[in-house]
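Quick notes on the structure that follows.
Order of the sequence lines fixes the chain letters, A, B, ..., with proteins taken first and strands second; residue numbering starts at 1 for each chain.
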There are 2 protein chains.
Amino acid sequence: MAVAPPRPKGPPLNALRAFEAASRLGGIAQAAEELCVTPGAVSQHIKALEAWAGVALFERRSQGVRLTAAGAELAPGFTAAFDQLGEAVGRLRAARGMRSINVAAMPSVALLWLSPRLAGLRAAIAPAEVAVFALEAPPGMTREPFDLSLFMRPEDDCPTGIPLSDGHMFPVCAPAMAADLHGPEDVRQMTLLHDQTWATDWQDWARACGVTLPTGRRGLSYSLYSLALSEAKAGAGILMGHDCLVEDALAAGELVAPFGARVASGRKLMLETSMTLQRSGQVQAIVGALSGEDQSR
Amino acid sequence: MAVAPPRPKGPPLNALRAFEAASRLGGIAQAAEELCVTPGAVSQHIKALEAWAGVALFERRSQGVRLTAAGAELAPGFTAAFDQLGEAVGRLRAARGMRSINVAAMPSVALLWLSPRLAGLRAAIAPAEVAVFALEAPPGMTREPFDLSLFMRPEDDCPTGIPLSDGHMFPVCAPAMAADLHGPEDVRQMTLLHDQTWATDWQDWARACGVTLPTGRRGLSYSLYSLALSEAKAGAGILMGHDCLVEDALAAGELVAPFGARVASGRKLMLETSMTLQRSGQVQAIVGALSGEDQSR
DNA sequence: AAATCGCCGTAGAAATTCTAAGGGTCATGC
DNA sequence: GCATGACCCTTAGAATTTCTACGGCGATTT
């Protein structure tokens, strides 16, 4: 008959959130990125939660973690609860009156596509402010405090999203280089510029065009698409261009597309909006500002 | 175009919980008690949340706080979310296999009613352990990690609860004092023993019995019912007895009920069980152990 | 066989969260 | 009218939690 602490304490809220994120994202490292902390912190949280509950939630394996049976059974409940909490937080944010819009975007999209449209966006939502966040992976819109999400990904991935590009890709290079290129096979001679996040682009393109690429050398690889694009402008090689990311450079004549053929990349530029923003009724204006003609540049 | 912190951070989870508790309980002090911290801590959390959102959630008034319009609109969403979270936590607790049962009870019930039945309860749920927590107010069963709740309160207050007493009250006193008492009116001569949490008991009884109590002197008042009961046994005065709390003393001959009449107190001993416990299928056995004959004493 | 990836463990550092104490306003009781 | 009690606020410092940093391990990849 213990009466010691006046109340039994529940589990730490943050540990719950860490578990939920890790279970949903399938890894401690991914959860850590979403929560903006180091993996060690997430690991500790989960361990603390397991100690509190007296149940193993994850099975530690060398190349990642797997949910145990108990963990798999419990996880959906937490995900649902945090979704609901996220929605409540969204309404709280909205109560302030949409004073600022948080935009999540891939680094390349933020730099190459959004940048010239930012002024238009800003004008469309004035007097609210815009904050752009470069993210590797698309955030869950109900969970995190983003209002707009701009990522290149399969259309099926986000049924609620609006496609803002056709999802085509095609080789591009500096105008000076284009003279030597008469057909797709000619790329075999060239230095191929790769983006690390889309490593299979060239292979996919080659398969679609019926061209066989030399397997040995792989050209240059960049962690940032915009870097690869700069190099392409400078004549360092030929880059696999994505419609929405290179259209400005093509329009400006900095790059050219030596071949007519465009193939589907499987990834379109998808625009997702938060519930919060949808309720505010500004989506229409924003989509207009983003998909309409660039007013600057 | 700020890109400074990789991600915009949501509001602190604990601040959300503090706001939810304060809104539901209608005060910072009550929330502080539920959360097991000082009111200052809750106050700070709420202030931090208001600063984050840029909206006033509470209106501070001299004798408490009131929700603002914005706060009132937002609060239900948070309550629902934390309810769901609480349920998920309940399932997490259950995953361990009900290794311990947390019982919440009023101090008086814990001491006078539960105490002699504890051995039976323990036997009924073996090998699980029992932990008893004395609480002033009944906890929300979905929210907090209690499995059993034993409080004296109006039956309507908890539709899901099981009444364990008739909710009758009647004066009791030491056997030696009873000789002078021939009818209800005689209590006017006596020292009345009061419990502070049920300050109107004597008035309610008097009204029901058609007796008018002297208004001036109010006898002795105790913060703990069990203390008042001890004093009554010692002959310090006459106490308003509640059926479930005095039955042991009556059976033992330590107290007697000088008048036959019993009046409804409006409060029965209500047993509430958590979802977690209900799912475990042990409720039947527990109710049996608690409402059956005491095996000890 | 070397490199890489993902997680763990620990210790110290950083940040959050809590308590304690003093002060104010309003209601209630004498 | 004045004391008393409720209730909340604020502030500073203390205690605790939480985070980072970094070396290590086991397994997969090159």
Side-chain angles (χ1 to χ4, degrees), chain A residues 5-7 9-19 21-23 25-52 56-68 71 136-137 196 199 215-218 221 223, chain B residues 5-7 9-19 21-23 25-52 56-68 71 136-137 196-197 199-200 215-218 221 223:
Chain A
R7 282 167 184 263
K9 52 190 191 331
L13 249 28
N14 291 321
L16 260 25
R17 178 165 54 179
F19 166 63
S23 74
L25 268 16
I28 289 184
Q30 291 90 323
E33 195 196 321
E34 171 167 309
L35 299 174
C36 243
V37 295
T38 56
V42 175
S43 176
Q44 282 178 314
H45 273 148
I46 292 177
K47 205 171 52 157
L49 188 60
E50 291 180 318
W52 179 86
L57 268 5
F58 280 109
E59 188 184 326
R60 273 75 172 178
R61 325 191 90 204
S62 49
Q63 42 116 312
V65 290
R66 293 268 182 300
L67 283 168
T68 60
E136 296 301 322
Q196 285 169 6
T215 56
R217 49 191 276 278
R218 328 193 67 198
S221 181
S223 64
Chain B
R7 280 165 186 265
K9 54 188 189 331
L13 249 27
N14 291 322
L16 260 23
R17 177 164 56 179
F19 166 62
S23 72
L25 268 16
I28 289 185
Q30 292 90 323
E33 195 197 320
E34 171 167 309
L35 299 174
C36 244
V37 296
T38 56
V42 175
S43 178
Q44 279 178 315
H45 274 148
I46 293 177
K47 206 171 51 157
L49 187 60
E50 291 179 319
W52 179 87
L57 268 5
F58 280 108
E59 189 183 325
R60 274 76 173 177
R61 326 191 89 205
S62 50
Q63 42 116 302
V65 290
R66 293 268 183 298
L67 283 167
T68 60
E136 296 300 324
Q196 285 168 3
T197 58
T200 64
T215 55
R217 49 191 276 279
R218 326 194 68 197
S221 182
S223 65

Could you check B:Val42 against A:Gln44 and say which one's nearest nucleotide on DNA chain C is further toward the 5' end?
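Looking at DNA chain C, the more 5' nearest nucleotide goes with A:Gln44.
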How many Å lie between [atom1] on [X] and [atom2] on [N], as a whole number?
X: B:His45; N: D:dC8; atom1: NE2; atom2: C1'; result: 17 Å
X: B:Arg60; N: D:dT10; atom1: CZ; atom2: C1'; result: 12 Å
X: B:Phe58; N: D:dC7; atom1: CZ; atom2: C1'; result: 14 Å
X: A:Asn14; N: D:dT17; atom1: CG; atom2: P; result: 13 Å
X: B:Arg66; N: D:dC8; atom1: CZ; atom2: P; result: 10 Å
X: A:Arg61; N: D:dT28; atom1: CZ; atom2: P; result: 9 Å
X: A:Glu59; N: D:dA27; atom1: CD; atom2: C1'; result: 15 Å

Flag side-chain contact, heavy atom, 4.5 Å: B:Asn14 against B:Phe19:
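Result no, sub-4.5 Å side-chain heavy-atom pair not found.
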Inspect the surroundings of CD in B:Glu59 and state if more than 12 heavy atoms from other residues, nucleotides or ligands are less than 6.0 Å away.
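For B:Glu59, atom CD is crowded (more than 12 foreign heavy atoms under 6.0 Å).
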Any idea which of D:dT11, D:dT20, D:dC8 is nearest the B:Ile28 side chain?
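Between D:dT11, D:dT20, D:dC8, the one nearest the side chain of B:Ile28 would be D:dC8.
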Using C1' atoms of five pairs at each end, report the bend of the helix from C:dA1-D:dT30 to C:dC30-D:dG1 rounded to 10 degrees.
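About 30°, once rounded to a multiple of 10°.
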Please give me the minimum heavy-atom distance between A:Trp52 and A:Gly10, naming the atom from each residue.
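Where A:Trp52 meets A:Gly10 most closely, the heavy atoms are NE1-C, 3.9 Å.
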Given 3.5 Å as the limit, does a donor-acceptor pair link the side chain of B:Glu50 with the main chain of B:Ala56, or not?
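Checked: no pair found.
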Sugar-phosphate only, base, or nothing, as touched by A:Ser43 at under 4.0 Å among non-hydrogen atoms
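Since only primed, P, OP1 and OP2 atoms lie under 4.0 Å of A:Ser43, the category is sugar-phosphate.
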Does B:Ala29 reach a base, just sugar-phosphate, or nothing at all? Heavy atoms under 4.0 Å.
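Counting heavy atoms under 4.0 Å across all strands, the contact made by B:Ala29 is with sugar-phosphate only.
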Taking 5' to 3' order, which nucleotide of DNA chain C is first and which is last to have an atom within less than 4.0 Å of a heavy atom in chain A?
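Endpoints of the contacted stretch of DNA chain C: C:dG6 to C:dA11.
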With rounding to the nearest 0.5 Å, note down the distance linking CG in A:Leu16 to CG in B:Leu13.
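Result: 8.5 Å between the selected atoms.
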Give, for atom CZ of B:Phe58 and atom CG of B:Leu67, the distance between the pair rounded to the nearest 0.5 Å.
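B:Phe58 CZ to B:Leu67 CG: 4.5 Å, rounded to 0.5 Å.
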Would you give me the side-chain donor-acceptor pairs under 3.5 Å for residues 31-49 of chain A, sequence neighbours excluded?
| unit_1 | atom_1 | unit_2 | atom_2 | d |
| --- | --- | --- | --- | --- |
| A:Glu34 | OE1 | A:Arg24 | NH1 | 3.4 |
| A:Glu34 | OE2 | A:Arg24 | NH2 | 2.8 |

